[in-house]
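Numbers here are sequence positions counted from 1.
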Amino acid sequence: MTPRRIDRRAFGVAATAILVAACGEPAASSDGGPTISSDAQRRAYTETVAAILTDERAAFDAFFGPTADSWATLEGIGSAEQQAVEFHRVMSDAKARAAELEAPALGTLFHGTFLEHFDRFVGDAEAIRDAIRAGQADQAFGTYQRLRRGAFERLDFLADRLALIEG
């Protein structure tokens, strides 16, 4: 080897050492697992998603709760406009909060499913609200029943999948 090659290698090693010293090495866990920053990112993501799911469950309880049987009548459907508007507001807000999140590496598949979940609920909430406003009680009630059938199961499914990201 020529002295010139040795100097280039020494320079490369020295530059790398300086860069690592300036920036710091990534903090790995003792078992070689994810870094502390990825754990913190995953924890923040799961806490935010859990809060969104909790808000949704409360909205579902209010929208599909004990007074939901009154929707089966024309008077009930007509008086439920405010509930439909509130449900739409909560779902739209949750969708916006979810869209702002950046999923951790282990959560990208979950995040796609999570976002798709809102397309259905926000769209159905809009359809119910608009049908009530247009005086189309049958259409509003049909959409409401379809939405109600899978709402809680969907939340349970998402909560179960979120637990996999937490662990």
Practice prompt. For the pair R97 and L101, evaluate side-chain contact (heavy atoms from CB on, under 4.5 Å) and give the outcome as yes or no after the intermediate values.
Written response: CA-CA 7 Å; R97 288 168 52 200; L101 291 174; over 6 Å; no
Item to complete: I would like to know whether R161 and I165 meet side-chain contact (heavy atoms from CB on, under 4.5 Å); could you show each step before the answer?
Response: CA-CA 7 Å; R161 294 305 175 266; I165 296 171; over 6 Å; no
Practice prompt. For side-chain contact (heavy atoms from CB on, under 4.5 Å), just list the numbers for R129 and R133, CA-CA rounded to whole Å, side-chain angles, deciding distance to a tenth of an Å, and then say yes or no.
Written response: CA-CA 6 Å; R129 181 199 63 202; R133 288 179 176 168; 3.6 Å; yes
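Side-chain atoms of Q41 and E102, non-hydrogen and from C-beta on, do get closer than 4.5 Å to each other. Annotation: side chain of F118 is in contact with side chain of E56 (closest heavy-atom distance under 4.5 Å).
Remark: R154 CZ to L158 CG distance equals 5.0 Å, nearest 0.5 Å. To the nearest 0.5 Å, atoms CG (L162) and OG1 (T48) are separated by 10.0 Å. From L155, atom CG reaches atom CD1 of I52 across 12.0 Å, with rounding to the nearest 0.5 Å. Between the CZ atom in F64 and the CD atom in Q145 there is a gap of 11.0 Å [rounded to 0.5 Å].
Partners of F110 according to the ring pair (Phe, Tyr, Trp, His ring centres under 6.0 Å) rule, which considers only residues two or more places apart in sequence or in another chain, are F114. Take Q136 and apply the side chain to side chain donor-acceptor pair (under 3.5 Å) test, not counting sequence neighbours, and it matches no residue. The ring pair (Phe, Tyr, Trp, His ring centres under 6.0 Å) check on Y45 picks up H111, with sequence neighbours excluded. Residues passing the ring pair (Phe, Tyr, Trp, His ring centres under 6.0 Å) test with F152 are F60, sequence neighbours excluded. Considering only residues two or more places apart in sequence or on other chains, D160 meets the salt bridge (Lys or Arg N to Asp or Glu O under 4.0 Å) condition with none of them. Scored by the ring pair (Phe, Tyr, Trp, His ring centres under 6.0 Å) test, H117 finds F121 as partners (sequence neighbours excluded).
The nearest pair of heavy atoms linking L147 to R120 is CA-NH2, 3.8 Å. In plain terms, the two heavy atoms of A84 and I128 that are nearest each other are CB-CG2, 4.0 Å. When all heavy atoms of I132 and A140 are compared, the closest pair comes out as CG1-CB, 3.8 Å.
Partner of V85 under the side chain to side chain contact (heavy atoms under 4.5 Å, CB included) criterion, out of Q83, E81, H88: E81 alone.
More than 12 non-hydrogen atoms from other residues, nucleotides or ligands lie less than 6.0 angstrom from CD of E153. In this structure, L109 places its CG atom where only 12 or fewer heavy-atom neighbours from other residues, nucleotides or ligands lie under 6.0 Å away.
Between R89 and E86 there is a salt bridge, with a side-chain nitrogen of the basic residue lying less than 4.0 Å from a carboxylate oxygen of the acidic one. A salt bridge links R57 with D156: at least one charged nitrogen is closer than 4.0 Å to a carboxylate oxygen.
One hydrophobic cluster, built from ILVMFWY side chains closer than 4.5 Å, cannot hold both V90 and L115; they sit in different ones.
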